[in-house]
Amino acid sequence: MQEEGVDLLMQLIRHRGNAEAAQGIARLATTPGGMDLLRPHLPQARRWLPATLNAMQALKIPPSQALPLVVESLRLGVLDEATRRRYMRALKASGAWLDAYGLWLAQHSSTVPLLYNGSFDATFVVDGFDWEYTAVTRSRAGVIVNQLPIARRGLVLELEFTGRSFASPLLRQHVFVPPGNYRLRGEYMASKLRSEGGLAWKVVCTTTGAQAPARMEAMQDTGGLWKQVQVEFAI
């Protein structure tokens with residue numbers, strides 16, 4: 001395809017929302033020279049990339065094929081949040097974990113720690129590699145997850161148990177770590193809580209299903225004080 005043909009398809013997408021034109025761009029993106037033809041149009045990606053990603057899904061094209069386009073659009077600041085989240089979900093659903101994590105790194109433009117937002121001091125980023133939890137209406141929730149500002153500590157994680165049943169895990173995060181020994185350490189403050197079994201963490205390999213269970217010590221009312229807690233596990 002020549003540049004003139006690409007220009008025509010782009011106009012059809014931007015001005016008419018033409019689905020066939022979006023499929024044409026989607027197929028072009030998978031060809032060896034497709035990126036070179038599409039690169040000049042990336043500053044306007046907000047106007048055609050979402051339709052192209054939808055077309056790729058309709059054509060059963062693996063979402064990872066569009067990763068160079070998405071990363072470059074992210075670098076240019078023209079990738080809207082809704083499209084980024086939808087594309088990240090598609091990568092994860094297809095099993096392209098490395099590509100999904102590569103997009104996460106590109107989004108942050110720097111090296112991120114093994115455990116992102118480990119102190120819960122930043123607002124959770126939805127559809128990424130931050131903490132995840134299942135949102136439930138307050139009237140039905142067994143546990144209400146919130147981030148609460150505390151003086152001299154910033155944001156902290158708040159778990160409010162309502163007495164209703166709840167599903168586990170309460171909170172989870174996908175991480176990329178090599179084999180080795182690891183330690184989770186932090187502080188907690190509890191009121192009207194008694195948990196003889198402690199707080200259980202379960203580390204599960206998404207590839208093999210192998211598990212490295214770990215359990216913290218019993219947790220009880222701390223009388224308004226912050227207490228240290230830690231757990232160790234091996235991968």
Exercise. Would one find more than 12 heavy atoms of other residues, nucleotides or ligands at under 6.0 Å from atom CD of Glu81?
Worked result: yes

Exercise. For Gln65, does the CD atom have more than 12 heavy-atom neighbours from other residues, nucleotides or ligands under 6.0 Å away?
Worked result: yes

Exercise. With respect to Asp127, which candidate in Arg84, Arg86, Arg85 satisfies the salt bridge (charged side-chain N to carboxylate O under 4.0 Å, His left out) definition?
Worked result: Arg85

Problem set entry | Full working for side chain to side chain contact (heavy atoms under 4.5 Å, CB included) between Gln230 and Leu184 | CA-CA 5 Å; Gln230 71 176 28; Leu184 283 173; over 6 Å; no

For this session: Show the numbers, then the answer: is there a side chain to side chain donor-acceptor pair (under 3.5 Å) between His174 and Tyr101?
Result: CA-CA 9 Å; His174 291 97; Tyr101 194 65; over 6 Å; no

Problem set entry | Arg164 atom CZ, over 12 foreign heavy atoms within 6.0 Å | yes

Exercise. Does NZ or CZ of Lys92 fall inside the cone over Phe129's six-membered ring, less than 6.0 Å from its centre and within 45° of the axis?
Worked result: yes

Seminar exercise, completed: Between the CG atom in Leu69 and the NE2 atom in His41, the distance rounded to the nearest 0.5 Å is 11.5 Å

Exercise. What do the steps show when you test Val229 against Arg185 for side chain to side chain contact (heavy atoms under 4.5 Å, CB included), and what is the final call?
Worked result: CA-CA 6 Å; Val229 64; Arg185 180 168 52 196; over 6 Å; no

For this session: With Arg153 as the cation and Trp226 as the aromatic partner, state whether NZ or CZ is under 6.0 Å from the six-membered ring centre and within 45° of the axis.
Result: yes

Problem set entry | Value rounded to 0.5 Å, distance of CG in Leu59 from CD in Gln23 | 4.5 Å

For this session: Determine, using the 4.5 Å side-chain heavy-atom cutoff (strictly less than), whether Ile150 and Ile144 are members of one ILVMFWY cluster.
Result: no

